[in-house]
Amino acid sequence: MVEIRLTNSRTRRKEVFTPIDASDVRMYVCGPTVYDRAHLGNARPVVVFDMLFRLLRHVYGPDHVRYVRNFTDVDDKINAAAQARKAAGAGGSLEELIRARTEETIGWYHADMAALGALPPTAEPRATDFIGQMIAMIGILIERGHAYAAEGHVLFRVRSYRDYGALSGRSVDDMIAGARVEVAPFKEDPMDFVLWKPSDASLPGWDSPWGRGRPGWHIECSAMSHELLGDSFDIHGGGIDLQFPHHENEIAQSCCAHPEGGFARVWMHNEMLLVEGKKMSKSLGNFFTVRDLLDRGVPGEVIRFVFLSTHYGKPMDWTEKKQLEASKAIRKMAGMLGMRGTEFLTGLEEGKPLNSVVDALADDMNTHGALHALDRSTLQLAYRELDLIDIIPDIYASQRLLGFDLKGHPEAWARAIQHDETMGIVRSRAPSTKPELLVDLEVRMVQLRAEATSSKNFSAVDALKAALTAAGVEVRMSKAGVELLPGPGFDPSKLEALK
RNA sequence: GGCGGGUUGGCGGAGAGGUUACGCAGCGGAUUGCAAAUCCGUGAAGACCGGUUCGAUUCCGGUACCCGCCUCCA
């Protein structure tokens with residue numbers, strides 16, 4: 001069994017991971033509030049914990065890992081968006097407008113995250129489906145003296161939980177001293193946080209012992225993780241920005257409501273995403289969504305590669321340059337799959353992931369190390385050229401473990417065809433994800449080139465080549481033929497004129 | 001103000017107390033109608049100041065600078 005080591009935010013140390021039950025490894029990750037398209041920052045924890053999910057599945061077996069990631073579909077931003085739509089004359093009740101918006105957002109989220117190669121979690125609970133459990137948990141907290149009702153609100157009594165602040169290394173007194181927020185008059189203590197708040201008629205609400213209202217933000221994760229994963233589970237993940245107050249509050253709620261359980265044993269936090277060295281924000285104009293990138297022609301696997309090239313515990317800077325480097329690296333990775341020709345590539349099946357890759361991942365998810373282990377130059381040092389060809393199925397399996405499936409990548413086929421040509425094998429046009437238009441243009445280019453070779457006038461060939469290059473197409477000409485590949489800046493619209 | 005993280009070659013970015021990380025870019029070569037891609041080769045580092053050590057970029061302390069969190073946020 002591979003020994004996995006993970007940095008536990010709670011102890012601030014790298015520890016050997018031992019699941020509570022190896023036949024049922026359980027992980028909970030805080031998911032998105034579904035009011036709008038996921039921005040690039042939202043995608044980082046998705047890829048990070050997808051990688052952990054894949055590693056756990058590899059080590060413990062796909063049927064022995066449960067990964068829960070919630071959807072927060074009750075939230076004031078969602079309410080505000082729905083109220084704005086209603087004010088703008090949209091039909092339907094507020095509840096219907098909210099439901100429509102959250103449904104739509106969840107659909108986008110699924111599509112965008114799938115494009116990044118993220119597996120669907122085992123369960124994706126929606127907060128609104130667990131209001132009953134939240135009310136029950138709040139009831140227990142009041143019973144045990146950890147919460148109190150005041151003016152239609154229910155508040156958690158922070159002073160009743162000794163370890164409050166332990167996760168994020170803060171003391172309640174320090175925080176009060178440095179507090180910048182206005183304190184609601186009905187709070188016993190400035191740090192007490194809301195479990196339940198009242199809703200007026202213009203807001204969605206549920207009946208509760210404390211009147212019609214809606215849950216505070218933190219209680220949903222406590223209620224859902226308890227309902228789906230139990231009193232104690234293995235890993236709780238999320239962005240470092242959630243460490244305080246969200247995760248601190250979750251721990252307080254869960255541990256006070258279910259003191260018999262240990263709640264999450266390992267806490268993992270991914271660091272933030274920056275864009276060109278700055279935090280992504282609308283005011284700086286460097287804010288963009290995953291969909292924006294995909295629509296701009298940046299493939300999902302390139303985004304994934306950039307994410308995986310930085311350790312999850314370090315801030316990751318998204319830059320144009322990294323994006324270009326990643327697309328080159330992806331091409332090289334894909335190219336290796338074609339080293340043995342088209343016939344082999346067509347029938348390529350997954351072998352067993354390389355130990356060097358698994359070991360890197362098992363070492364606190366050193367994804368950069370895993371990618372490095374898959375570099376051709378690294379592999380060439382570890383294996384002789386002939387052996388390298390033998391382990392293509394293992395290389396493929398390793399890539400798949402990292403969430404990349406490059407079997408259909410144009411570069412894999414280009415390499416395979418090149419191999420066939422060198423070996424004198426008749427080329428067979430195999431399925432790749434290359435756009436049809438490029439295949440047609442290849443044929444035309446071959447004809448023009450044949451004419452040019454006899455006439456010694458290459459101007460027509462050069463003109464076509466220039467147009468293709470301008471559209472971001474990579475033009476490769478060899479004695480045997482022409483290969484057109486979409487490059488990093490490929491823009492299909494610029495090819496329309498060449499039809 | 002409190003808490004946390006960082007500072008490595010032109011750029012990105014690792015591991016390891018003493019041996020070349022690696023990639024990209026650059027440069028030289030092979031190849032090409034010209035290119036592209038590919039292949040071969042190649043130079044370049046460890047913020048600053050102290051300490052521990054036979055030896056530190058790697059451990060310890062301090063300084064400077066950068067970033068994040070403390071308020072919705074992944």
Side-chain angles (χ1 to χ4, degrees), chain A residues 9 12 29-33 35 38-49 69 72 75-77 80 165 167-171 173-182 191 217 237-248 269-274 277-282 306 309-317 319 321-329 331-332 335 360 363 366-378 380-381 411 414-415 418-419 422 449 452-453 455-459 461-462 465-466 468-469 473-479 482-485 487:
Chain A
S9 311
R12 290 157 208 270
V29 173
C30 292
T33 301
Y35 66 101
H39 64 244
L40 195 62
N42 293 307
R44 168 112 113 136
V46 173
V47 172
V48 165
F49 291 103
R69 185 181 65 206
T72 299
D75 173 87
D76 287 344
K77 279 195 290 275
L167 177 71
S168 51
R170 293 152 202 258
S171 85
D173 293 324
D174 286 351
M175 285 188 285
I176 291 170
R180 295 177 182 172
V181 271
E182 209 176 311
M191 291 311 293
W217 172 38
I240 187 73
D241 56 330
L242 292 181
Q243 191 180 41
F244 186 88
H246 183 57
H247 291 159
E248 203 71 71
H269 292 99
N270 62 276
E271 256 292 348
M272 296 291 98
L273 177 123
L274 305 172
K278 299 217 162 68
K279 187 184 175 178
M280 187 158 73
S281 72
K282 285 178 179 166
V306 172
S309 65
T310 298
H311 185 84
Y312 73 87
K314 289 199 162 185
M316 201 215 74
D317 196 7
T319 63
K321 196 169 173 181
K322 278 189 193 172
Q323 180 197 311
L324 289 173
E325 286 187 10
S327 67
K328 287 185 188 177
R331 274 193 352 197
K332 287 192 177 183
D363 181 15
N366 184 352
T367 47
H368 187 280
L371 291 173
H372 173 237
L374 273 179
D375 263 3
R376 188 173 40 214
S377 51
T378 310
Q380 277 169 339
L381 282 178
E411 183 72 20
R415 287 291 294 233
Q418 193 189 355
H419 169 271
T422 325
R449 212 155 142 262
T453 312
S455 70
K456 300 290 177 208
N457 178 359
F458 287 90
S459 57
V461 181
D462 287 340
K465 190 175 80 181
L468 287 165
T469 307
V473 178
E474 199 173 287
V475 181
R476 300 184 190 174
M477 292 185 262
S478 67
K479 288 199 176 81
V482 175
E483 192 74 37
L484 299 181
L485 293 164

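As the structure is a prediction and not an experimental result, all values here were calculated from the model. Letters go in sequence order (proteins before strands), and every chain restarts at 1. The figures that follow rest on heavy atoms only: side chains count, while hydrogens, waters and symmetry mates do not.
- Of the candidate nucleotides B/rU38, B/rC24, B/rA74, B/rA74 has the atom nearest to the side chain of A/Pro45.
- Note on A/Arg69: nothing from the nucleic acid sits closer than 4.0 angstrom, heavy atoms only.
- Between A/His247 atom NE2 and A/Ser168 atom OG the span is 11.0 Å, to the nearest 0.5 Å.
- Across the P atoms, B/rC54 and B/rG41 are found 40 Å apart, a figure rounded to whole Å.
- Going from atom CE of A/Met272 over to atom C1' of B/rC3 covers 15 Å, rounded to whole Å.
- Residues meeting the salt bridge (Lys or Arg N to Asp or Glu O under 4.0 Å) test with A/Asp462, sequence neighbours left out: none.
- In this entry the distance linking CZ of A/Phe244 with P of B/rU71 reads 6 Å, nearest Å.
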Worksheet, complete the sentence: Applying the Watson-Crick and G-U criteria (both distances under 3.5 angstrom) with [ ] for crossing and | for other-strand pairs, one obtains for RNA chain B (((((((..(((.....[...))).(((((.......)))))....(((((..]....))))))))))))....
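- When the P atom is compared between B/rU52 and B/rC65, the two are found 28 Å apart, to the nearest whole Å.
- Summarising the geometry, the separation between CD on A/Glu271 and C1' on B/rC69 is reported as 9 Å, rounded to the nearest angstrom.
- When the side-chain nitrogen and oxygen atoms of A/Lys328 are compared with OP1 and OP2 of B/rA25, one or more of them lie within a distance under 4.0 Å.
- Rounded to whole Å, the C1' atom of B/rG61 lies 38 Å from the corresponding atom of B/rA25.
- Of the candidates B/rU38, B/rC11, B/rC67, B/rC11 carries the atom nearest the A/Lys321 side chain, counting heavy atoms from C-beta on.
- The shortest heavy-atom contact between A/Val461 and A/Ala452 is CG2-CB, 3.7 Å.
- Between A/Arg449 and A/Cys30, the residue whose closest nucleotide on RNA chain B is further toward the 5' end is A/Arg449.
- Checked against side chain to side chain donor-acceptor pair (under 3.5 Å), A/Ser9 has the following partners two or more places apart in sequence or in another chain: A/His269.
- On the P atoms, B/rA74 is 12 Å away from B/rC69, given to the nearest whole Å.
- Per the geometry, CG belonging to A/Asn366 stands 11 Å off C1' belonging to B/rG13, to the nearest Å.
- OP1 or OP2 of B/rG23 lies within a sub-4.0 Å distance of a side-chain N or O belonging to A/Ser377.
- Ranking B/rC72, B/rG68, B/rA35 by closeness to the A/Trp217 side chain, first place goes to B/rC72.
- Each of B/rA37, B/rG33, B/rA74 was ranked by its minimum atom distance to the side chain of A/Glu411; first place goes to B/rA37.
- When the P atom is used for both B/rC73 and B/rG4, the distance is 23 Å, rounded to whole Å.
- Residue-level contact check: A/Val48 touches neither bases nor backbone, having no heavy atom under 4.0 Å from any strand.
- Here the closest non-hydrogen pair linking A/Val306 and A/Ala326 is CG2-CB, 3.5 Å.
- A straight line from CG of A/Leu274 to C1' of B/rG6 spans 11 Å, rounded to a whole angstrom.
- The closest donor-acceptor contact from the side chain of A/Lys332 to the backbone of A/Arg376 lies at 3.5 Å or more, if one exists at all.
- The main-chain N or O of A/Lys465 is found under 3.5 Å from a side-chain atom of A/Thr469 such that the two form a donor-acceptor pair.
- For the P atoms, the distance from B/rG43 to B/rG5 is 37 Å, rounded to whole Å.
- Candidate nucleotides B/rG12, B/rA14, B/rC34 were compared by shortest atom distance to the side chain of A/His311, and B/rA14 ranks first.
- Atom CG of A/Asn270 is separated from atom P of B/rC69 by 13 Å (rounded to the nearest Å).
- A/Lys322 has no side-chain polar atom (N or O) that falls below the 4.0 Å cut-off from OP1 or OP2 of B/rC24.
- Nucleic acid contact class of A/Arg44 (heavy atoms, under 4.0 Å, all strands): none.
- Within the 4.0 Å cut-off from OP1 or OP2 of B/rC22, not a single side-chain nitrogen or oxygen of A/Arg376 is found.
- Nucleotides B/rA14 and B/rC48 have their C1' atoms positioned 23 Å apart, rounded to a whole Å.
- Looking at every heavy atom in both residues, A/Arg476 comes nearest to A/Ala414 through NH1-CB, 4.1 Å.
- In this structure, CD of A/Glu248 is placed 13 Å from C1' of B/rG4, rounded to the nearest angstrom.
- Comparing B/rC67 with B/rG26, their P atoms sit 30 Å apart, to the nearest whole Å.
- In this structure, the nucleotide among B/rG33, B/rU38, B/rG68 sitting nearest to the side chain of A/Phe458 is B/rG33.
- Base contact: A/His39 has a heavy atom under 4.0 Å from a base atom.
- At the heavy-atom level, A/Glu325 lies under 4.0 Å from base atoms of the strands shown.
- Counting only heavy atoms from C-beta on, A/His372 has its side chain closest to B/rA21 among B/rA74, B/rA21, B/rA35.
- For the pair A/Asp375 (side chain) and A/Ser377 (backbone), a donor-acceptor distance under 3.5 Å is absent.
- At the heavy-atom level, A/Gly41 lies under 4.0 Å from base atoms of the strands shown.
- Judged by atom type and distance alone, A/Asp462 reaches the base of B/rG33 through a side-chain donor-acceptor pair under 3.5 Å.
- Here the closest heavy-atom approach between residue A/Arg44 and residue A/Met316 is recorded as NH2-N, 3.1 Å.
- Residue A/Leu273 is classed as a base contact, given a heavy-atom separation below 4.0 Å to a base.
- A/Glu483 has its CD atom 18 Å from the P atom of B/rU32, to the nearest Å.
- In terms of polar N and O atoms assigned as donor or acceptor, the side chain of A/Lys465 comes within less than 3.5 Å of the base of B/rC34 in a complementary pairing.
- Atom-to-atom distance recorded for A/Glu411:CD and A/Glu483:CD is 8.5 Å, nearest 0.5 angstrom.
- Comparing B/rC69, B/rG23, B/rA21 by their closest approach to the side chain of A/His368 singles out B/rA21.
- For A/Lys314, the listed nucleotide lying nearest its side chain is B/rU7; candidates were B/rG23, B/rU7, B/rG33.
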